[in-house]
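Written out below as structure tokens is the structure these notes cover.
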2 protein chains.
Amino acid sequence: MAHLDALERAESIAEIGASLQATLGSLGFDTYSYVHVRPPLGKRIRSFVPPSSQDGRVVHEFLATFPDAWVEHYILQGYGDVDPTFQAAMGTILPFSWRDLGGRNDLSSGQRRVFDEARDFGLSMGATIPIHGPESGLSTLNVSASGGHEKEFEENYQAGRQDLLWVAVQTHEAFLRLSEDAPEQGRVRLTDRERDCLLWTARGKTAWEVGQILAISEETVLFHLKNGTRKLGVFSKHHAVVKAVMQGHIIP
Amino acid sequence: MAHLDALERAESIAEIGASLQATLGSLGFDTYSYVHVRPPLGKRIRSFVPPSSQDGRVVHEFLATFPDAWVEHYILQGYGDVDPTFQAAMGTILPFSWRDLGGRNDLSSGQRRVFDEARDFGLSMGATIPIHGPESGLSTLNVSASGGHEKEFEENYQAGRQDLLWVAVQTHEAFLRLSEDAPEQGRVRLTDRERDCLLWTARGKTAWEVGQILAISEETVLFHLKNGTRKLGVFSKHHAVVKAVMQGHIIP
DNA sequence: ACGGCATCCCCCCATTTCTGGGGGGATGTT
DNA sequence: AACATCCCCCCAGAAATGGGGGGATGCCGT
């Protein structure tokens, strides 16, 4: 796993790609795709602006050596919402081989089509490593081998699972580190009280109730909520509690 | 990593514990705690009840060889909401050593107290492996070594990071597999409109704004929000949006 | 073809809560 | 002394809550 150091220190998306190629190659997988889904975290807009078609949509980011034609087809068809590997990745944190998908829960016709069409592009044997990130993000690292027999691939996968997971985690971190064009302005610092108030608000309590819980007055709760909301750069408690949860300040 | 097979096949919490003890021991860590946090999916309580004991609080499930007195103290004090290792775990998917927490972002006094008191119980050197599960669940595997020097521990940790991650993931899966008394029952069915309204509310829009976005009247938005809030078993939009996010109905 | 059912849309009301400003003062720490 | 944090209070206008009342589509099974 010598290539991993490079992954940790990668300074561009391209370097991540090269590092992945080398690392995964040494594990016996010759193509891969890394998919990153990220909810677009709030811009600070007070005056109402009607959102454009794209605004607010989940962002899919690709980094892949899968056949270009397939990737293009995939995006064009909006397979991201159907892809059975993605569906499965949402439900587990363990790597899995694509072979294991057919048997367990039957695939819908749409899902089967994704698989069938992938096979036409030479992607028949593969495995997916799900990465559930903070802020409810989900990424998958998909690896595939174009040549060889299935038995060989499965042995390769079984032997390499642990390494694959580590690679996936490192990739996710490297990717996050680099794609932070809007790096959240570095997670704001909330005071203990602001956290407390947001926490209990997220748990459905009114300001008065939070006051009772924390043994302070409703006014003070409102005061802390106002400050916390402002720090988070939003304009309502609804948005503030969601953002506080997404940024990991509180666990509701 | 011979003990891992046992972890994958464990059929009781106790077996997980034994397997962890053995595996982590071989990596040089003599105590551990595994904490599984699960937001308490809905009790329907309207009348205000002071949440002195468990009500509304995140459910922490423990499996640990940490000193009993410490665990008890931890739970009693509700440290789960403050614990800096937990705060940090919420923000990353990489394992980290407790040593790295002090420097980066200064701890609040409440957080520092958790650390100081932990040290009094013999927990000074340690590392945390965060596991972000599906449905926004978070678990941490905390390992510690009571004897030895700090330098030695850090070397141990650096060398074992990859193994620790794998152990943590396997533990999480084993734990989930066994503690699946209530796997999916909480998830309600929302209509498209209810989802839409909750989504844009979670993004900080008022009911009127959501109406503009969806091209329906504010009244209708309120209507859908009322229904969605009721379906989710809560009594305010704050709680509803948080819950909708946690249950994966919407991605803000 | 019919009723039941879910979904979606609109409107009204009284009451409570939140928002976003302002003004204080009390602790601590740096 | 400056600073952050925490606590309390006031106000006016906006928004949410929790009820009620309609009607409009479809889709289902009988």
Side-chain angles (χ1 to χ4, degrees), chain A residues 42 44-48 188-244 249, chain B residues 44-48 81-82 102 105-113 116 188-244 249:
Chain A
R44 195 184 164 91
I45 300 175
R46 182 43 169 176
S47 61
F48 172 70
V188 288
R189 256 182 71 96
L190 298 177
T191 70
D192 288 340
R193 271 314 199 208
E194 286 158 358
R195 240 194 313 276
D196 290 340
C197 293
L198 282 168
L199 174 61
W200 287 107
T201 300
R203 289 176 184 172
K205 308 300 182 191
T206 66
W208 180 84
E209 290 171 329
V210 177
Q212 297 298 305
I213 294 170
L214 300 178
I216 58 180
S217 84
E218 177 186 354
E219 305 286 351
T220 304
V221 173
L222 287 170
F223 172 79
H224 289 303
L225 283 176
K226 274 187 284 193
N227 290 334
T229 304
R230 192 171 30 74
K231 279 190 188 175
L232 288 166
V234 295
F235 292 93
S236 71
K237 289 204 314 192
H238 317 130
H239 207 172
V241 292
V242 167
K243 205 159 180 181
H249 292 108
Chain B
R44 205 182 156 88
I45 301 175
R46 181 42 170 175
S47 59
F48 172 71
D81 293 336
V82 193
N105 44 359
D106 312 344
L107 303 175
S108 72
S109 59
Q111 294 177 324
R112 202 158 18 236
R113 201 179 60 193
D116 291 343
V188 291
R189 260 180 63 93
L190 297 177
T191 69
D192 289 343
R193 272 315 199 209
E194 285 159 359
R195 239 192 315 275
D196 290 340
C197 293
L198 282 168
L199 174 61
W200 288 106
T201 300
R203 288 178 184 168
K205 308 300 183 190
T206 67
W208 180 85
E209 290 171 328
V210 176
Q212 297 298 306
I213 294 170
L214 300 178
I216 57 180
S217 84
E218 177 186 358
E219 307 287 350
T220 304
V221 173
L222 288 172
F223 172 79
H224 290 304
L225 283 175
K226 275 186 284 191
N227 290 334
T229 303
R230 191 170 30 74
K231 278 189 189 175
L232 288 166
V234 296
F235 291 92
S236 73
K237 289 204 314 193
H238 317 129
H239 207 172
V241 292
V242 167
K243 204 158 179 182
H249 292 110

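Labels below follow one simple rule: chain letters A, B, ... track the order of the sequence lines, proteins then strands, and each chain is numbered from 1. Atoms considered below: every heavy atom in the structure, side chains included; atoms not considered: hydrogens, waters and symmetry mates.
- With DNA chain C read from its 5' end, the first of the two nearest nucleotides for A:Lys237 and B:Leu214 is the one closest to B:Leu214.
- If you check C:dT17, C:dC12, C:dC8 against the side chain of A:Thr206, the one that comes closest is C:dT17.
- Of the listed nucleotides (D:dG18, C:dG20, D:dC7), C:dG20 has the atom at the smallest distance from the side chain of A:Phe235.
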Determine all donor-acceptor pairs shorter than 3.5 Å in which one atom belongs to a side chain in residues 219-228 of chain A; sequence neighbours excluded.
unit_1   : atom_1 : unit_2   : atom_2 : d
A:Thr220 : OG1    : A:Ser217 : OG     : 3.1
A:Asn227 : OD1    : A:Arg230 : NH2    : 2.7
A:Asn227 : ND2    : A:Phe223 : O      : 3.4

- Item | Summary of protein contacts for nucleotides 21-30 of chain C, nucleotide by nucleotide, where a base hit scores B, a sugar-phosphate-only hit scores S (4.0 Å, heavy atoms) | B---------
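- Which of C:dC18, C:dC9, D:dC9 sits closest to the side chain of B:Thr220 comes down to C:dC9.
- Spacing between atom CD of B:Glu209 and atom P of C:dT19 amounts to 13 Å, rounded to whole angstrom units.
- Within 4.0 Å (heavy atoms only), B:Leu225 reaches no atom of the nucleic acid at all.
- For the helix from C:dG4-D:dC27 to C:dT30-D:dA1, the terminal axes (five pairs an end, C1' atoms, rotation from four pairs onto the next four) enclose an angle of 50°, given to 10 degrees.
- Atom CG of B:Leu232 and atom C1' of D:dG18 are 17 Å apart (whole Å).
- Heavy-atom distances to DNA chain D give each of A:Glu218 and B:His238 a nearest nucleotide, and the one nearer the 5′ end belongs to A:Glu218.
- Ranking D:dA16, C:dC12, C:dC8 by closeness to the B:Ala207 side chain, first place goes to D:dA16.
- Nucleotides of DNA chain C nearest to B:Leu190 and B:Ser217 differ in position, and the one nearer the 5' end is that of B:Leu190.
- Between A:Leu222 atom CG and D:dC6 atom P the separation is 16 Å, expressed in whole Å.
- Between A:Trp208 atom CH2 and D:dC9 atom C1' the separation is 19 Å, expressed in whole Å.
- With C:dT7, D:dT17, D:dC8 as the candidates, the nucleotide lying closest to the side chain of B:Thr191 is C:dT7.
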